[in-house]
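Working notes, structure below.
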Amino acid sequence: MRHERGLLIVLSGPSGVGKGTVRKAIFENKDLDLQYSISMTTRQPREGEVHGVDYFFTTKEDFQQRIGENKFLEWAEFVGNFYGTPIEYVEKTLSEGKDIFLEIEVQGALQVKKAFPEGIFIFLAPPSMSELQNRIVTRGTETEDIILNRMNAAKEEIEMMDAYDYVVENDQVELACERIKAIMISEHLKRERVANYYKRMMEAE
Ligand SMILES: Nc1ncnc2c1ncn2[C@@H]1O[C@H](COP(=O)(O)OP(=O)(O)OP(=O)(O)O)[C@@H](O)[C@H]1O
Ligand SMILES: Nc1nc2c(ncn2[C@@H]2O[C@H](COP(=O)(O)O)[C@@H](O)[C@H]2O)c(=O)[nH]1
């Protein structure tokens, strides 16, 4: 039996920890029937990024107008750019009983937790700060200044780990994926058990 609304899963953590890499690996498994929430950003596209696949790229003016129109479930300014989760797709997906997966930074995740306390909040943690820096440098997409700012943000973000339901270390991509899949399966089973229990109670009355 499937509960009526889908699950909202938030994967968060510092820049460069591997959220995108792990998320793409999770989405390779089509059995999970998971929808990805494509964020909107004012950041310039990186080489190879596609509008409507990686992000919806937009201007600061358009982003600010959307904030005024309450078009975001959450939004945040992160190291000089705006990022936000379009609310309409999230609501539509959940109301169709499908699970939705958000990959966002920490300020945004905490906003979502207030709006959706029933969501599943997963913090992806690096094996060490030096490995985090190594990953973001090796990715080769950011300037030295931006890397420094993102590493400074990472120190504050790591302090918020306690606010999450789960902490998953991304030591190896395959292991991190397996841990996240196990969390999602276990959360589904828990909700099904609760729903079945209530159904039995109602039938017994
Ligand atoms: N477990 C891992 N071991 C080694 N390298 C990894 C691992 N996971 C990801 N990486 C590498 O680390 C770099 C950063 O990964 P990725 O872009 O997925 O991070 P991110 O958290 O999505 O970053 P951002 O928040 O800036 O978008 C990439 O070059 C990726 O290949
Ligand atoms: N609060 C939000 N954060 C988001 C969203 N989409 C992505 N992000 C996070 O921003 C940083 C930087 O991303 P990058 O692509 O410029 O490296 C990273 O932690 C993303 O996960 C969002 O909609 N809201």
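Every number for a ligand or one of its atoms is a count from 1 in the order of the listing. Here the structure is a predicted model, which is why all the values come from computation and not from measurement. The figures here come from the full heavy-atom set of this structure, side chains too, leaving out hydrogens, waters and symmetry mates.
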Exercise for the section: Could you check which of P14, S39, P86, S37 puts a non-hydrogen atom nearest to atom 23 (O) of ligand 2? Expected result: S39
Practice task
Working to the nearest 0.5 Å, report the span between OH of Y89 and CG of L73.
Solution key: 14.0 Å
Completion exercise
atom 14 (C) of ligand 1 has as its nearest protein heavy atom G16 O, 3.5 Å
Problem - Within 6.0 Å of CD in E203, more than 12 heavy atoms from elsewhere - result: yes
Fill in the blank from the handout: Contact region, R43 to ligand 2, non-hydrogen atoms below 4.0 Å, reads side chain
Handout entry: Between Q35 and T93, a side-chain donor and acceptor under 3.5 Å
Key = no
Completion exercise
Of all heavy-atom pairs linking F121 and A109, the shortest is CE2-O, 3.6 Å
Completion exercise
Logged contact type for W75 with ligand 2, heavy-atom cut-off 4.0 Å, is neither
Completion exercise
Under 4.0 Å between heavy atoms, the region of E103 that gets near ligand 1 turns out to be side chain
Practice task
Hey, can you tell me if H51 and F57 have their rings parallel, tilted or perpendicular (30° and 60° cut-offs)?
Solution key: tilted
Problem - Y83 contact mode with ligand 2 (heavy-atom cut-off under 4.0 Å) - result: both
Exercise for the section: Would you check if there is a donor-acceptor pair between the side chains of Q65 and E69 at a distance under 3.5 Å? Expected result: yes
Fill in the blank from the handout: re atom 4 (C) of ligand 1, the protein heavy-atom contact at minimum distance is R135 NE, 3.6 Å
Handout entry: Protein residue, atom and distance nearest to atom 17 (O) of ligand 1, heavy-atom basis
Key = R139 NH1, 2.8 Å
Handout entry: ligand 2-proximal atoms of E49, by part, heavy-atom distance under 4.0 Å
Key = neither
Exercise for the section: Determine, for R5 against D99, whether the closest basic-nitrogen to carboxylate-oxygen distance falls under 4.0 angstrom. Expected result: no
Practice task
Considering only non-hydrogen protein atoms, determine which one is nearest to atom 19 (O) of ligand 1 and report residue, atom name and distance to 0.1 Å.
Solution key: G18 N, 3.1 Å
Exercise for the section: Compute whether any side-chain donor of one residue and acceptor of the other, for S128 and S130, lie under 3.5 angstrom apart. Expected result: yes
Handout entry: Distance from atom 18 (O) of ligand 1 to nearest protein heavy atom, with residue and atom
Key = T21 OG1, 2.5 Å
Problem - Those atoms of ligand 2 less than 4.0 Å from some heavy atom in F78 - result: 11 (C), 12 (C)
Exercise for the section: Classify the angle between the aromatic ring planes of F101 and F27 as parallel (below 30°), tilted (30 to 60°) or perpendicular (above 60°). Expected result: perpendicular
Problem - Heteroatom proximity flag, E131 to ligand 1, N/O under 3.5 Å - result: no
Practice task
Return yes when R46 approaches ligand 2 closer than 4.0 angstrom through a heavy atom, no otherwise.
Solution key: yes
Fill in the blank from the handout: For atom 25 (O) of ligand 1, the closest protein heavy atom turns out to be K19 NZ, 2.7 Å
Problem - Aromatic ring proximity Y83/F63, centre distance under 6.0 Å - result: no
Problem - N or O pair under 3.5 Å between S15 and ligand 2 - result: no
Problem - Protein residue, atom and distance nearest to atom 26 (O) of ligand 1, heavy-atom basis - result: S15 OG, 2.6 Å
Problem - Residue portion contacting ligand 1 (non-hydrogen atoms closer than 4.0 Å) for P14 - result: backbone
Exercise for the section: Answer yes if the side chains of R139 and T141 hold a donor-acceptor pair under 3.5 Å, and no otherwise. Expected result: yes
Practice task
Give the residue and atom name of whichever protein heavy atom lies nearest to atom 8 (N) of ligand 1, and the separation in Å to one decimal.
Solution key: N170 ND2, 3.1 Å
